[in-house]
Amino acid sequence: MKVFKLKTDLQQYLNDLRAEGKTIGLTATMGALHQGHLSLVARAKEQTDVVVATIFVNPTQFNDPKDLEKYPRPIAHDIRLLEQAGCDVLFNPEVTEMYAANEQWHLDIGALEHLLEGKFRPGHYQGVTQIVFKLFDVVKPDLAFFGQKDYQQVMVISRMVELLSLPVKLVMCPIEREADGLAMSSRNVHLSAQEHQTALVLSKTLFWLRDHFSVDEMADLQQQGTDQISHAPGVDFEYLELADGETLLPATPQSKSIVALVAAKVGATRLIDNVIVK
Ligand code: PAF
């Protein structure tokens, strides 16, 4: 696997491959890789000739400086995992390579910015669109692979692609789960064994919603799901919503697809998860 720290070196390398007619797949990550990320690499390998992974802990998407500071950064282990997964290229820039001092960014993504995650993490999606725009600009991927785990993020990036007419196709890949149902996340390393058990109420409730889903009973189901999670000891509930799969506004009986999304803190660790129920 080729590893690049500088944009110009990466661009030159990819330009040559593009000139040979090779297609490029991008898997953007913040590192601390797990099976979820590796499944994106596997998907990218199936659908494109050259797979570029990026590892960059993007400061502009963190609204809590402590969260940024304690974000895991096991780079040597990550490189080994990417090599084993057959990834072709890793781009792992420093912050100064990606940002000029006092850079400004704002993209009007409408309601998507302030609902669900946006309510709890103000500014988060501005930071995400800012860095993903830059990564698309450097890598110029034909296809970009993102995990369904961050469902709202996929919708936000998709809106950016549409608004700015970016020449990239997005592929949303299914959530990878532990055998017990917990959605894989880089933040899971912060959970103690007891907290891991406690966190299972999130996926259990989502599966319950999926299994009992009926458009006629959405309000009642959402309330019962909320009760299951908010009454669980050790869980600091944030939201559970049945949302329209495209707009993420509250689902209606007319919604073509419906997704149940949840966020809660277990101990000091904030977790999100979702299941497509329709
Ligand atoms: O999903 C993530 O890990 C990040 O939000 C992303 C897309 C790599 C942007 O920093």
Side-chain angles (χ1 to χ4, degrees), residues 4 7 10 25-41 43-44 51-65 67-75 77-78 81-82 85 87 89-99 103 105 107 109 112-113 116-118 120-139 141 143-161 164 166 168-176 183-190 248 261 263 269-274:
F4 295 97
K7 290 183 285 195
L10 173 68
L26 170 68
T27 310
T29 83
M30 299 205 300
L33 302 180
H34 50 69
Q35 195 47 44
H37 298 110
L38 300 177
S39 76
L40 302 181
V41 172
R43 202 53 89 84
V51 179
V52 180
T54 63
I55 295 182
F56 179 67
V57 183
N58 174 37
T60 67
Q61 72 188 74
F62 285 81
N63 42 340
D64 175 358
D67 192 22
L68 172 62
E69 196 186 313
K70 76 172 194 186
Y71 202 84
R73 291 167 171 85
I75 188 67
H77 185 243
D78 284 348
L81 289 179
L82 286 174
C87 182
V89 176
L90 168 63
F91 181 48
N92 175 220
E94 298 298 326
V95 172
T96 47
E97 180 66 5
M98 296 312 288
Y99 288 110
E103 220 182 281
W105 168 269
L107 183 69
I109 50 172
L112 271 180
E113 175 159 4
L116 302 169
E117 283 301 282
F120 289 87
R121 305 183 72 187
H124 172 67
Y125 288 121
Q126 288 304 324
V128 169
T129 53
Q130 183 178 24
I131 191 62
V132 173
F133 179 83
K134 284 169 185 272
L135 294 172
F136 282 173
D137 190 46
V138 179
V139 176
L143 300 181
F145 299 80
F146 292 96
Q148 183 199 319
K149 165 90 184 339
D150 293 293
Y151 191 96
Q152 189 172 358
Q153 169 168 278
V154 183
M155 295 302 123
V156 164
I157 296 170
S158 165
R159 184 84 186 113
M160 173 174 77
V161 166
L164 305 180
L166 302 179
V168 56
K169 188 171 166 254
L170 304 185
V171 183
M172 182 163 82
C173 305
I175 298 177
E176 292 285 320
M184 290 193 187
S185 163
S186 304
R187 291 189 166 85
N188 290 354
V189 296
H190 298 310
L248 291 186
L261 303 112
T269 308
R270 188 170 184 278
L271 300 171
I272 57 171
D273 196 356
N274 67 80

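Read the numbers this way: they start at 1 and go in the same order the structure lists the ligands and their atoms. Everything numeric in this text was worked out from a predicted model, so none of it was measured.
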Item to complete: Step by step, work out the side-chain contact (heavy atoms from CB on, under 4.5 Å) result for Phe62 and Val57.
Response: CA-CA 9 Å; Phe62 285 81; Val57 183; 3.8 Å; yes

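The nearest protein atom to atom 3 (O) of ligand 1, hydrogens excluded, is given as Met30 CG, 3.5 Å; this is a heavy-atom distance. Looking from atom 1 (O) of ligand 1 to the surrounding protein, the closest heavy atom is Gln153 NE2, 2.8 Å. Nearest protein neighbour of atom 4 (C) of ligand 1, counting heavy atoms only, is Gln61 NE2, 3.6 Å.
Atoms CD and NZ, on Glu176 and Lys149 in that order, are 12.0 Å from each other to the nearest 0.5 Å.
Contacts between Thr29 and ligand 1, counted as non-hydrogen atom pairs separated by less than 4.0 Å, involve the backbone only.
Between Phe136 and Phe146, the ring planes are perpendicular. Angles over 60° get that label, and only those under 30° would be called parallel.
The pair Asp67-Arg187 meets the salt-bridge criterion, since a charged nitrogen lies less than 4.0 angstrom from a carboxylate oxygen.
Atoms of ligand 1 lying under 4.0 Å from at least one heavy atom of Ile131, given by number and element, are 9 (C), 10 (O).
If you check the side chains of Tyr71 and Asn58, you find no donor sitting under 3.5 Å from an acceptor.
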